S.K.: 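Pasting in a structure now, in structure tokens, and then I'll have a few things to ask.
Sequence lines set the chain letters: A, B, ... in the order given, protein chains first and strands last, and positions in each chain run from 1. Keep in mind that what you see is a predicted model, and the values were worked out from it rather than measured.
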Amino acid sequence: MGLRVFNTLGMRKEEFVPLRDGEVRIYVCGPTVYDFIHIGNARAFIFADIVRRYLEYRGFNVILVSNITDVDDKIIRRSQETGLSMQRISEIYSDAYFEDLDALNVRRPNVSPRATQHISEMIEVIQNLIEKGFAYQVDGDVYFDVLKFEDYGKLSGNKLEALEMGARIEVNPKKRNPADFALWKSRKEGEPAWYSPWGWGRPGWHIECSTMAMKYLGETFDIHMGGKDLIFPHHENEIAQAESLTGKPFARYWLHNEWLTVGGQKMSKSLGNIITVRDALKIYSPQVLRFFLISAHYRSPLDFNKESIEQAKINLEKIFNAIERLLSLKERSERGEDEEFLLAQVREAKKRFEEAMDDDFNTPLAIAAIFDMVRAVNTYVNRNGEIEAATKSEVYETIRVLLEDVLGIKIEVGKREKTRSDIINSLVELILEVRQEMRRRKEWEISDKIRERLQMLGFIIEDTPQGTKWRLKET
RNA sequence: GCCGGGGUGGCCGAGUGGUUAGGCGGCGGGCUGCAGACCCGCCGAGAUGGGUUCAAAUCCCAUCCCCGGCUCCA
């Protein structure tokens, strides 16, 4: 069984077959760089990152393109509010965007095209659309004529008549149909503008994605992704523009992630409940945040709240603990029955992980498979103090690849045991050495008191058959 | 008004017509000098009302509730 994905276009799970053998081309709608990205954006980018990583794990060569919208109403407004130039605003926030992606261990796209650097290509596309009769010019504006594109609505399921009835937009008298959308907007006072056959102006939002996606990925490519809010009108319009231009299908699979809510509600400026990635990272580690964001299926809503993230933290801790225990085992050269059993269980769980990911990227189920490995490892460690070297490395590598390479969660062990100060590290070691001597003399009361006091100071002390271990309490 | 998603055990969260999701939590047991970590067992469920079926959380109908798209939005 190969990979199956839920295609918004058609609203059903389909077998995934890339257009070219061994290669997958993906386009992800990137940010409008007028502010820091928030954790809802992060959910979308992390999901795209995991799709990319899993496809690579499956042996595909993946090309991922994600745009940066650097000309837009919101940037213009921000520029007017702050007095900074539009270029400066988009520079600040696109830098911040990349920093946030890096912090979350989201791999950077292969190409991150900027709208302002593709104005001439967009003009060319618009001109072509006018020539083909899909677009019309009114004063300095150019609009796409939705009636000319038969399939309009095929992605979102919206019908034109219904759109007109429900239209809450004030009707623009220049448009032939209320659902027509701007390809080119004529210049307004104080706005940036480029010269075009229709006079000075700037491109509409939707045209940039169609144009840049086709430029870097070809007229037809494999996967187009984004949050579900983009289905309409953005992606619907992208399809209209691209397909009426080329007469070919635009993207073959459309994947849309559900919302990340905060307190059960969608994040919005008006509710004031937006949590930026930077703020979230002040409280939680990237690993915990990532683990939390993939603990629900991407097409299920997920609520960002303290309790749920605390649970994610504990769960992840459990995985790291098992890895730490595995790594602390002494190596030997003989392989016994317990090793065979451990390997069998880990291989079996790996298969379940792959099956889960093959089924429309079911990350919660994939995580359950990792917990199967965790239990197998822990059971082994409970019964053995040593492990055959090859078994150890196969088990570790299996977990490492799935956790780090596929899910993008860096394994954090070992370094948790150290503080940032060598002096403190040595002091703790010294105290534990003394305590060990007390324990040898069965001075339980004083030993327990030392452990208790250290705990109050934020050190976790654990006596194990392999000796006493310590680490800092997770923040 | 039109379109879509959902309601699962104390909590998070999957599968999907019959056989264990998983994790957290609680309880009991094991291992420990004790604690922790870990292992084992148990606890507990599918909004409501009907229907189909030998069998439904899973299919059908109705009802209630929640969320979203139709406007910038991941």
S.K.: Rounding to a whole Å, what distance do you find between A:Gln311:CD and B:G26:P?
M.R.: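 Nearest whole value for this atom pair: 12 Å.
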S.K.: If the P atom of B:G36 is compared with that of B:C24, how far apart are they to the nearest Å?
M.R.: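 Rounded to whole Å, the distance is 15 Å.
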S.K.: Write down the distance between CD (A:Glu462) and P (B:C38), rounded to a whole number of angstrom.
M.R.: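 Rounded to the whole Å, the gap is 8 Å.
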S.K.: Which base sits across from B:A14 as a Watson-Crick or G-U pair, both distances under 3.5 Å?
M.R.: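 Base-paired to nothing in any strand shown.
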S.K.: Could you tell me how far B:U8 sits from B:C59 if I compare only their P atoms? Round to whole Å.
M.R.: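 Comparing P positions in B:C59 and B:U8 gives a spacing of 16 Å.
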S.K.: Please give the distance between the P atoms of B:A56 and B:G49 as a whole number of Å.
M.R.: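 It comes out at 15 Å once rounded to the nearest Å.
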S.K.: In whole angstrom, give the distance that lies between atom NE2 of A:His235 and atom C1' of B:C70.
M.R.: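 A:His235 atom NE2 is separated from B:C70 atom C1' by 16 Å.
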S.K.: Backbone N or O of A:Asp279 within a donor-acceptor pair of the A:Thr276 side chain at under 3.5 Å?
M.R.: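 Between the backbone of A:Asp279 and the side chain of A:Thr276 there is a qualifying donor-acceptor contact (under 3.5 Å).
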S.K.: Looking at A:Asp229 and A:Lys266, is any side-chain nitrogen of the basic one under 4.0 Å from a carboxylate oxygen of the acidic one?
M.R.: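 Salt bridge: no.
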S.K.: Considering only heavy atoms and no angle criterion, is a donor-acceptor pair shorter than 3.5 Å present between the side chain of A:Arg451 and the base of B:C34?
M.R.: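 Present.
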S.K.: Measure distances between side-chain N and O atoms of A:Asp229 and base N and O atoms of B:G68, and say whether any donor-acceptor pair falls under 3.5 Å.
M.R.: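 Flag unset: no donor-acceptor pair detected.
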S.K.: Looking across every strand, which nucleic acid part, if any, lies under 4.0 Å from A:Arg439 by heavy atom: base, sugar-phosphate, or nothing?
M.R.: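 Answer is base: heavy atoms of A:Arg439 come under 4.0 Å of a base.
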S.K.: Check whether any side-chain nitrogen or oxygen of A:Ser300 sits under 4.0 Å from OP1 or OP2 of B:A14, and answer yes or no.
M.R.: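 Indeed, a polar side-chain atom of A:Ser300 lies that close.
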S.K.: Could you let me know what B:U63 is paired to, Watson-Crick or G-U wobble, both distances under 3.5 Å, or none if it's on its own?
M.R.: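 By the stated definition (distances under 3.5 Å), B:A47 pairs with B:U63.
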S.K.: Which part of the nucleic acid does A:Gly226 contact within heavy-atom distance under 4.0 Å: base, sugar-phosphate only, or nothing?
M.R.: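 Sugar-phosphate, no base atom in range.
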S.K.: Just call it for A:Leu230: base, sugar-phosphate, or nothing, with non-hydrogen atoms closer than 4.0 Å on any strand.
M.R.: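 The residue A:Leu230 makes sugar-phosphate contact but no base contact.
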S.K.: Does A:Glu258 reach a base, just sugar-phosphate, or nothing at all? Heavy atoms under 4.0 Å.
M.R.: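 Base contact - A:Glu258 has a heavy atom under 4.0 Å of at least one base atom.
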S.K.: Work out how far the C1' atom of B:A35 is from that of B:U58, and round it to whole angstrom.
M.R.: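 Looking at atom C1' only, B:A35 and B:U58 are 45 Å apart.
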S.K.: Look at all strands and tell whether A:Asn362 reaches a base, only sugar-phosphate, or nothing, counting heavy atoms closer than 4.0 Å.
M.R.: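 Sugar-phosphate, no base atom in range.
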S.K.: Is the shortest side-chain N to carboxylate O distance from A:Arg114 to A:Glu208 below 4.0 Å?
M.R.: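 No salt bridge links A:Arg114 with A:Glu208.
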S.K.: Which comes earlier along RNA chain B counting from the 5' end, the contact point of A:Asn257 or that of A:Asp372, where each point is its nearest nucleotide?
M.R.: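 In this pair, the answer is A:Asp372.
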S.K.: Please classify the nucleic acid contact of A:Asn382 as base, sugar-phosphate, or nothing, using heavy-atom distances under 4.0 Å.
M.R.: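 The residue A:Asn382 makes base contact.
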S.K.: OP1 or OP2 of B:C3 sitting under 4.0 Å from any side-chain N/O of A:Asn158?
M.R.: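 Looking at the OP1 and OP2 atoms of B:C3, neither is under 4.0 Å from any side-chain N or O of A:Asn158.
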S.K.: With sugar-phosphate meaning primed atoms plus P, OP1 and OP2, does A:Lys74 contact a base, only sugar-phosphate, or nothing at under 4.0 Å between heavy atoms?
M.R.: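 Sugar-phosphate contact only.
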S.K.: Reckon A:Lys266 touches a base, only the sugar-phosphate, or nothing at all at heavy-atom distances under 4.0 Å?
M.R.: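 Contact class for A:Lys266: base.
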S.K.: What nucleic acid atoms does A:Leu302 come within less than 4.0 Å of, heavy atoms only: base, sugar-phosphate, or nothing?
M.R.: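 Sugar-phosphate, no base atom in range.
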S.K.: Could you measure between the two C1' atoms, the one in B:G30 and the one in B:G68, and give it in whole Å?
M.R.: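 Those two atoms are separated by 50 Å.
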S.K.: From the options B:C72, B:A37, B:C39, select the nucleotide whose nearest atom is closest to the side chain of A:Pro233.
M.R.: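 When the side chain of A:Pro233 is considered, B:C72 is the closest of B:C72, B:A37, B:C39.
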S.K.: Determine the Euclidean distance between corresponding P atoms of B:G6 and B:G10; express it in Å to zero decimal places.
M.R.: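 Comparing P positions in B:G10 and B:G6 gives a spacing of 23 Å.
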S.K.: For B:G46, is chi within 90° of 0 (syn) or not (anti)?
M.R.: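 Syn, which is what one calls it when the glycosidic angle falls within 90° of 0.
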S.K.: For A:Tyr298 and B:A14, give me the distance from atom OH to atom P, rounded to whole Å.
M.R.: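 The distance from OH of A:Tyr298 to P of B:A14 comes to 13 Å, rounded to the nearest Å.
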S.K.: Answer with base, sugar-phosphate or nothing: what part of the nucleic acid does A:His38 contact at a heavy-atom distance below 4.0 Å?
M.R.: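 The residue A:His38 makes base contact.
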S.K.: Provide, to the nearest angstrom, the distance between the CG atom belonging to A:Leu342 and the C1' atom belonging to B:C39.
M.R.: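 Computing the A:Leu342:CG to B:C39:C1' distance gives 14 Å.
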S.K.: Look at the side chain of A:Trp259 and decide which nucleotide, out of B:C38, B:G33, B:G69, has an atom nearest to it.
M.R.: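 It is B:G69.
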S.K.: With a 4.0 Å cut-off, would you call A:Asp180 and A:Lys174 a salt bridge?
M.R.: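 So A:Asp180 does not pair with A:Lys174 through a salt bridge.
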S.K.: Check the distance between B:C34's C1' and A:Met438's CE and give it to me in whole angstrom.
M.R.: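 Going from CE in A:Met438 over to C1' in B:C34 covers 17 Å.
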S.K.: In terms of side-chain heavy atoms of A:Asp463, which of B:G68, B:A35, B:A21 is nearest?
M.R.: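 Among B:G68, B:A35, B:A21, the one nearest the side chain of A:Asp463 is B:A35.
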S.K.: Taking a pair as Watson-Crick or G-U wobble with both distances under 3.5 Å, which nucleotide is matched to B:U52?
M.R.: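 By the stated definition (distances under 3.5 Å), nothing pairs with B:U52.
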S.K.: Between B:A74, B:G13, B:C24, which nucleotide has the shortest distance from any of its atoms to the side chain of A:Pro364?
M.R.: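 The answer is B:G13.
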S.K.: Contact class for A:Glu307 (heavy atom, under 4.0 Å): base, sugar-phosphate, or nothing?
M.R.: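 Result for A:Glu307 = nothing.
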S.K.: What does B:G28 pair with, Watson-Crick or G-U, if both distances are under 3.5 Å?
M.R.: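 Checking every strand shown, B:G28 finds its partner in B:C40, with both distances under 3.5 Å.
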S.K.: When you check the gap from the basic side-chain N to the acidic O, do A:Arg400 and A:Glu404 get nearer than 4.0 Å?
M.R.: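 Yes, A:Arg400 and A:Glu404 are salt-bridged.
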S.K.: Report the distance from atom CZ of A:Arg352 to atom P of B:G22, rounded to the nearest whole Å.
M.R.: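 Spelled out: CZ on A:Arg352 to P on B:G22 is 10 Å.
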S.K.: Take atom P in B:G15 and the same atom in B:G22, then report the distance between them in whole Å.
M.R.: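 Nearest-Å result for B:G15 against B:G22 at atom P: 15 Å.
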S.K.: May I ask which nucleotide in the shown strands pairs with B:G1, Watson-Crick or G-U wobble, both distances under 3.5 Å?
M.R.: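 Looking at the geometry, B:G1 pairs with B:C70.
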S.K.: Between A:Lys13 and A:Asp359, is there a side-chain N and carboxylate O pair less than 4.0 Å apart?
M.R.: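 A salt bridge links A:Lys13 with A:Asp359.
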S.K.: Tell me which nucleotide among B:A14, B:G22, B:G69 gets nearest to the side chain of A:Arg375.
M.R.: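 Given the options B:A14, B:G22, B:G69, the side chain of A:Arg375 is closest to B:G22.
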S.K.: Given B:A21, B:A74, B:C70, which nucleotide is nearest the side-chain atoms of A:Phe232?
M.R.: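 Of all the options, the side chain of A:Phe232 is nearest to B:C70.
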S.K.: Can a salt bridge be assigned to the pair A:Arg352 and A:Glu355 using a cut-off of 4.0 Å between side-chain N and carboxylate O?
M.R.: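 Salt bridge between A:Arg352 and A:Glu355, a charged N being under 4.0 Å from a carboxylate O: no.
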S.K.: Mapping A:Ser447 and A:Met11 to their closest nucleotides on RNA chain B, which lands nearer the 5' end?
M.R.: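 It is A:Met11 whose nearest nucleotide is closer to the 5' end.
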S.K.: So A:Phe16 and A:Val24, do their side chains get closer than 4.5 Å, heavy atoms only?
M.R.: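 Yes. Closest side-chain heavy atoms under 4.5 Å.
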S.K.: Taking 4.0 angstrom as the limit, do A:Glu388 and A:Lys392 come out as a salt bridge?
M.R.: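 Salt bridge between A:Glu388 and A:Lys392, a charged N being under 4.0 Å from a carboxylate O: no.
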S.K.: Under the criterion of centre distance below 5.5 Å and interplanar angle below 30°, is A:Trp444 classified as stacked on the base of B:G33?
M.R.: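 Ring-base stacking flag set for A:Trp444 and B:G33.
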S.K.: Write down the distance between OH (A:Tyr27) and P (B:A74), rounded to a whole number of angstrom.
M.R.: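 Distance, rounded to whole Å: 13 Å.
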S.K.: Between B:G46 and B:A57, how far is it from one C1' atom to the other, in whole Å?
M.R.: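 Pairwise C1' distance, B:G46 against B:A57, rounds to 4 Å.
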S.K.: May I ask you to say what A:Leu260 touches in the nucleic acid, namely base, sugar-phosphate or nothing, with a heavy-atom cut-off under 4.0 Å?
M.R.: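 Here A:Leu260 touches the bases of the nucleic acid.
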S.K.: If you measure from the Lys or Arg side-chain nitrogens to the Asp or Glu carboxylate oxygens, is any gap between A:Asp49 and A:Arg53 under 4.0 Å?
M.R.: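 Salt bridge between A:Asp49 and A:Arg53, a charged N being under 4.0 Å from a carboxylate O: yes.
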